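First comes the structure, then the notes that go with it.
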Amino acid sequence: MKYIQERLVIAPTLLESMVATLSEDDMDLNEGDGTMTIRDILIHLIYMEQTFWMMEIENILKRNGTLEPIPWKGLDHTTAMGNFNGKKLVRIFQENRTENLELLHGINIKKRYLNRLGIDPELGKITLKEVLSAWTAHDLSHVYQILRCLCYQFRLDVGPLKKHIKILYQNY
């Protein structure tokens, strides 16, 4: 648990340092047609923080079973915050994460609870440990996605050096 909680603290700090120097135009960078912008990614992280992770944890611990369908599927959660600047989005995420970490700390999850099961309507059986691990990996994967959005802008300009820059050739 300690390892997971330590990693959950990392994403807000990384996002803050990444977004601090970005212009508002940069917030709309993406990895090509049909991909999320940096702004979309931050809004998605906020939405998941507000509506999903703690709800799933509480469902497993308190209801000991059935989980709600994943709330973001099919919803456009960018509408409400789509005109917020990057720094404000990161601040909202940081505030939400702080609240959730305080809740998580207050629950005081014991090691024996980590194998407690929930039933996801789409995925079937999932354990508390899997939800906690997914929360952490989800954060870090979106940090990486933001880095990919920034790097994507240089994909045509680096010429043959592209072969030495893995982030540029592994996805495009």
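On a predicted model such as this, the values are computed, not experimentally measured, just so you know.
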Cation-pi, Tyr3 ring and Arg7 (6.0 angstrom, 45 degrees):
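Yes.
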When you measure from the centre of the six-membered ring of Phe84, is the NZ or CZ of Lys88 under 6.0 Å away and within 45° of the axis?
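That pair qualifies as a cation-pi contact.
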Does the pair Leu103 and Ile57 meet the rule for a side-chain contact (heavy atoms from CB on, under 4.5 Å), with working shown?
CA-CA 10 Å; Leu103 287 170; Ile57 291 165; over 6 Å; no
Sub-4.5 Å side-chain heavy-atom contact between [X] and [Y]:
X      : Y      : result
Lys163 : Leu168 : no
Ile10  : Glu6   : no
Phe93  : Leu42  : no
Leu8   : Leu104 : yes
Ile41  : Cys149 : yes
Ile146 : Leu15  : yes
Glu31  : Met36  : no
Leu45  : Asn96  : no

Worked check of side chain to side chain donor-acceptor pair (under 3.5 Å) between Glu49 and Trp135
CA-CA 9 Å; Glu49 203 68 24; Trp135 186 8; 3.3 Å; yes
Hey, could you give me the [atom1]/[atom2] distance between [X] and [Y], rounded to the nearest 0.5 Å?
X      : Y      : atom1 : atom2 : result
Ile46  : Arg91  : CD1   : CZ    : 10.5 Å
Ser23  : Asn85  : OG    : CG    : 11.5 Å
Ile38  : Glu24  : CD1   : CD    : 10.5 Å
Leu132 : Tyr113 : CG    : OH    : 14.0 Å
Arg97  : Trp53  : CZ    : CH2   : 9.5 Å
Ile109 : Arg116 : CD1   : CZ    : 10.0 Å

Within the distance-only criterion (no hydrogens, no angle test), does the side chain of Glu130 pair as donor or acceptor with the backbone N or O of Thr127 below 3.5 angstrom?
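Between the backbone of Thr127 and the side chain of Glu130 there is a qualifying donor-acceptor contact (under 3.5 Å).
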Do the side chains of Glu16 and Lys87 get close enough for a salt bridge, i.e. N-O under 4.0 angstrom?
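No, this pair does not count.
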No-hydrogen, no-angle side-chain donor-acceptor test under 3.5 Å, Tyr152 and Arg155
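Side-chain D/A pair, Tyr152 to Arg155: present.
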Which heavy atom of Ile4 sits nearest to which heavy atom of Ser133, and what is that distance?
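In terms of heavy atoms, the two residues are closest at CD1-OG, 3.9 Å.
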If every non-hydrogen atom of Ile107 is compared with every non-hydrogen atom of Met54, which pair is closest and at what distance?
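Result for this residue pair: CD1-CE, 3.7 Å.
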Pair Asn30-Gln145, side-chain contact (heavy atoms from CB on, under 4.5 Å): steps then yes or no:
CA-CA 9 Å; Asn30 63 27; Gln145 184 180 14; over 6 Å; no
What's the verdict on side-chain contact (heavy atoms from CB on, under 4.5 Å) for Ile92 and Gln50, showing C-alpha distance, side-chain angles and the deciding distance?
CA-CA 10 Å; Ile92 293 168; Gln50 292 175 345; 4.1 Å; yes
What orientation do His142 and His44 show, parallel under 30°, tilted 30 to 60°, or perpendicular over 60°?
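Because their plane-to-plane angle is over 60°, the rings of His142 and His44 count as perpendicular.
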Determine, step by step, whether Thr37 and Met27 satisfy the side-chain contact (heavy atoms from CB on, under 4.5 Å) criterion, reporting the C-alpha distance in whole Å, the side-chain angles of both residues, the deciding distance to 0.1 Å, and the verdict.
CA-CA 7 Å; Thr37 66; Met27 292 301 298; over 6 Å; no
